[in-house]
A.B. asks: 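This is the structure I have questions about; it appears just below.
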Amino acid sequence: MKKILMFAAASMLLASCGGGGGRPTFGDNEYPVLEVGTSSTTMETTYPAVIKGVQDVQISPKVQGFITRINVKEGQTVGAGQVLFVIDNVTYQSQVRQAQASVNTAQASCNTAKLSFENSQKLYENKVIGDFELQSATNQYEQAKAGLAQAQAALASAKEMLSFCYVKSPAAGVVGTLPYKVGALVNTASVLTTVSNNSSMEVYFSLTEKDALSMTQSSLGEMPSVQLRLADGTIYSQEGKVTKMSGVIDASTGSVQVIALFPNPEKMLKSGGSGTIIIPHSNSAAIVIPQSCVSEVQNKKFVYILQKDNKVKYTEIKVDPQNDGNNYIVTEGLKVGDKYVTNGITKLSDGMEIVPITPERYQQKIQEQVKAMSAGDIVNAMKK
């Protein structure tokens with residue numbers, strides 16, 4: 001039982017000291033002090049992202065009509081040129097037959113005009129008819145040929161309109177949702193589905209203007225690989241590469257759109273999905289300090305630096321906005337060789353003289369104090 005009480009008391013002491021708010025009652029103004037050094041660290045910057053296929057093609061019909069057949073299912077892989085939908089084509093087939101009949105009529109008229117023209121040529125050569133008669137036969141033949149060409153063009157147009165009733169996929173990919181069923185009336189404004197090429201996926205995210213400027217100082221090819229956190233919180237197994245950056249800043253948001261390309265061999269990523277892009281930032285000579293030794297006043301951050309006369313100086317520091325929740329990377333206010341107080345900072349004031357000890361000695365003295373406490377002291381400490 002005593003061991004349990006001692007453990008609980010030690011935990012309470014460590015918690016109160018480690019949080020920077022309080023400290024044990026041992027010693028006269030003894031505070032743990034640590035010298036600033038450098039270390040290698042990797043921080044992460046995250047950005048909300050939207051996932052899209054490398055090629056997302058919206059499929060819409062070119063003619064109005066009722067859907068008579070749907071040849072695919074949602075999520076099905078299709079090839080370029082594959083028929084996806086069939087639109088009611090009875091009217092268009094009738095127009096093709098009518099146009100074909102017009103071509104046949106025009107062809108017959110053209111053949112008759114050709115025979116008349118050839119006969120007129122022979123008569124003209126034998127001086128049976130004059131220039132006027134020959135020119136008239138020539139004009140009739142040319143008019144017949146023009147009529148035939150016009151009929152053939154109308155037939156080609158009718159066939160093209162008929163082909164529009166067979167809605168084909170312009171690219172290979174995966175079929176998206178199918179909002180319309182057989183029998184639905186659709187027109188050129190109706191989006192029947194989307195075909196996405198998802199062999200690789202483009203992930204869209206936005207950078208602030210400041211981040212974008214710092215990024216453009218180095219080429220996109222030199223950027224580190226990025227990761228994608230999916231909507232369920234898991235990290236996607238494949239790493240991505242930033243490949244494109246918009247050359248225009250969105251005036252309404254002050255951001256720049258960036259695209260990262262991710263392989264999608266298992267087709268796990270779906271077009272239209274969401275996630276979070278994670279960009280790592282490595283620093284081999286970073287000054288890293290615990291957040292527990294930093295006080296914050298009006299959005300400014302301060303630490304107590306030990307001076308040569310063992311007096312502490314309340315000093316403002318600047319930190320990287322990105323952190324892991326436990327430590328700060330100091331960008332201004334501290335340099336290598338400075339000494340700062342790590343615990344009990346709420347008991348300090350600017351210019352206060354302290355007795356510096358090492359963090360290891362600080363922890364040792366905590367253990368010694370716990371061992372020296374009586375059972376009653378421990379119970380009282382737990383009640384507090």
Side-chain angles (χ1 to χ4, degrees), residues 44-62 67 69-87 164 166-182 184 186-207 211-212 215 220-221 223-248 250 252-253 255-280:
E44 296 178 345
T45 308
T46 59
Y47 302 93
V50 176
I51 304 169
K52 295 183 181 180
V54 172
Q55 186 180 26
D56 285 348
V57 182
Q58 288 186 333
I59 308 299
S60 296
K62 292 185 177 181
I67 298 177
R69 191 165 72 246
I70 299 177
N71 295 334
V72 292
K73 298 179 179 180
E74 294 180 356
Q76 179 179 335
T77 300
V78 296
Q82 182 173 338
V83 177
L84 308 180
F85 305 88
V86 178
I87 307 296
F164 290 160
Y166 299 87
V167 183
K168 300 178 181 180
S169 175
V174 176
V175 176
T177 57
L178 300 173
Y180 296 98
K181 306 304 178 185
V182 172
V186 295
N187 54 44
T188 56
S190 305
V191 179
L192 303 183
T193 190
T194 300
V195 174
S196 301
N197 180 355
N198 61 358
S199 57
S200 295
M201 304 297 285
E202 290 184 333
V203 180
Y204 291 71
F205 61 101
S206 296
L207 295 177
D211 290 343
M215 183 178 292
L220 295 179
M223 284 192 61
S225 298
V226 298
Q227 291 183 307
L228 176 63
R229 182 183 293 120
L230 302 177
D232 62 357
T234 60
I235 301 297
Y236 182 55
S237 59
Q238 302 283 339
E239 290 187 334
K241 195 70 177 176
V242 175
T243 57
K244 304 174 186 176
M245 178 186 294
S246 172
V248 179
D250 189 328
S252 60
T253 62
S255 61
V256 178
Q257 189 176 77
V258 182
I259 301 176
L261 187 66
F262 283 82
N264 192 29
E266 299 178 0
K267 305 298 184 287
M268 182 177 179
L269 300 181
K270 307 296 183 184
S271 184
S274 61
T276 303
I277 283 289
I278 303 173
I279 300 180

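FYI, the numbering just counts along the sequence from 1. All values derive from a computational prediction rather than experimental measurement.
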A.B. asks: Where do M201 and L228 land on the side chain to side chain contact (heavy atoms under 4.5 Å, CB included) test, with the steps shown first?
C.D. replies: CA-CA 11 Å; M201 304 297 285; L228 176 63; over 6 Å; no
A.B. asks: For K181, I'd like to know if atom NZ has over 12 heavy atoms of other residues, nucleotides or ligands within 6.0 Å.
C.D. replies: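 More than 12 within 6.0 Å, yes.
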A.B. asks: Looking only at non-hydrogen atoms, find the nearest pair between N187 and P61 and report the distance.
C.D. replies: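 Distance-wise, the nearest heavy atoms are O-CG, 3.1 Å.
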A.B. asks: Determine yes or no for a side-chain-to-main-chain donor-acceptor pair under 3.5 angstrom, with N264 supplying the side chain and L269 the backbone.
C.D. replies: yes
A.B. asks: Between CG of L84 and CD1 of I70, what distance do you get to the nearest 0.5 Å?
C.D. replies: 10.5 Å
A.B. asks: Spell out, as yes or no, whether a donor-acceptor pair under 3.5 Å connects the side chain of T194 to the backbone of Q58.
C.D. replies: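 Side chain of T194 to backbone of Q58, a donor-acceptor pair under 3.5 Å: no, none is there.
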A.B. asks: Taking all atoms of both residues into account, what is the closest heavy-atom pair of P179 and T177, and its distance?
C.D. replies: CD-O, 3.4 Å
A.B. asks: Do I278 and I235 have side chains that approach each other closer than 4.5 Å (heavy atoms only, starting at C-beta)?
C.D. replies: yes
A.B. asks: How long is the gap from CD on Q55 to OG on S200, to the nearest 0.5 Å?
C.D. replies: 12.5 Å
A.B. asks: Are there over 12 heavy-atom neighbours, none belonging to K267, within less than 6.0 Å of that residue's NZ?
C.D. replies: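 For K267, atom NZ is crowded (more than 12 foreign heavy atoms under 6.0 Å).
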A.B. asks: Specify the closest pair of heavy atoms between S190 and S60, including all atoms of both residues, with the distance to one decimal.
C.D. replies: O-OG, 2.9 Å
A.B. asks: Out of curiosity, I67 CD1 to L192 CG, how far, rounded to the nearest 0.5 Å?
C.D. replies: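 Reported to 0.5 Å precision, the distance equals 5.5 Å.
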A.B. asks: When you compare the side chain of F205 with that of T276, does any pair of heavy atoms fall below 4.5 Å?
C.D. replies: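 The answer is no; the side chains never approach within 4.5 Å.
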A.B. asks: What pairs with R229 under side chain to side chain donor-acceptor pair (under 3.5 Å), at least two apart in sequence or on another chain?
C.D. replies: none
A.B. asks: Ignoring hydrogens and geometry, is there a side-chain-to-backbone donor-acceptor pair from S196 to N198 under 3.5 Å?
C.D. replies: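 It does not hold such a pair.
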A.B. asks: Can you sort out the partners of T45 under side-chain contact (heavy atoms from CB on, under 4.5 Å), two or more places apart, ordered by chain and number?
C.D. replies: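 side-chain contact (heavy atoms from CB on, under 4.5 Å) check on T45 returns Y47, H281, Q322.
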A.B. asks: S199: what forms a side chain to side chain donor-acceptor pair (under 3.5 Å) with it, not counting sequence neighbours?
C.D. replies: N197
A.B. asks: Provide the closest heavy-atom pair for K270 versus I51 in the form atom of the first, atom of the second, distance.
C.D. replies: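 Reported closest heavy-atom pair: O-CG2, 3.6 Å.
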A.B. asks: Flag the pair M268 / L230 as yes when at least one side-chain heavy-atom distance between them is below 4.5 Å, and no otherwise.
C.D. replies: yes
A.B. asks: Got a donor-acceptor contact below 3.5 angstrom from the T243 side chain to the A260 backbone?
C.D. replies: no
A.B. asks: So for atom CD, which belongs to E74, do other residues, nucleotides or ligands contribute more than 12 heavy atoms lying within a distance under 6.0 Å?
C.D. replies: yes
A.B. asks: A171 and V195: which non-hydrogen atoms are nearest, and at how many Å?
C.D. replies: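 Answer, listing the atom of A171 first, then V195: O-CG1, 3.7 Å.
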A.B. asks: With no hydrogens and no angle check, is any side-chain donor or acceptor of Q76 less than 3.5 Å from a backbone partner on V175?
C.D. replies: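 No, because the side chain of Q76 does not come within donor-acceptor range (under 3.5 Å) of the backbone of V175.
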A.B. asks: Heavy atoms only: give me the nearest Q227-F262 pair and the separation to one decimal.
C.D. replies: C-CZ, 4.0 Å
A.B. asks: I would like to know whether M245 and V258 meet side chain to side chain contact (heavy atoms under 4.5 Å, CB included); could you show each step before the answer?
C.D. replies: CA-CA 4 Å; M245 178 186 294; V258 182; 4.1 Å; yes
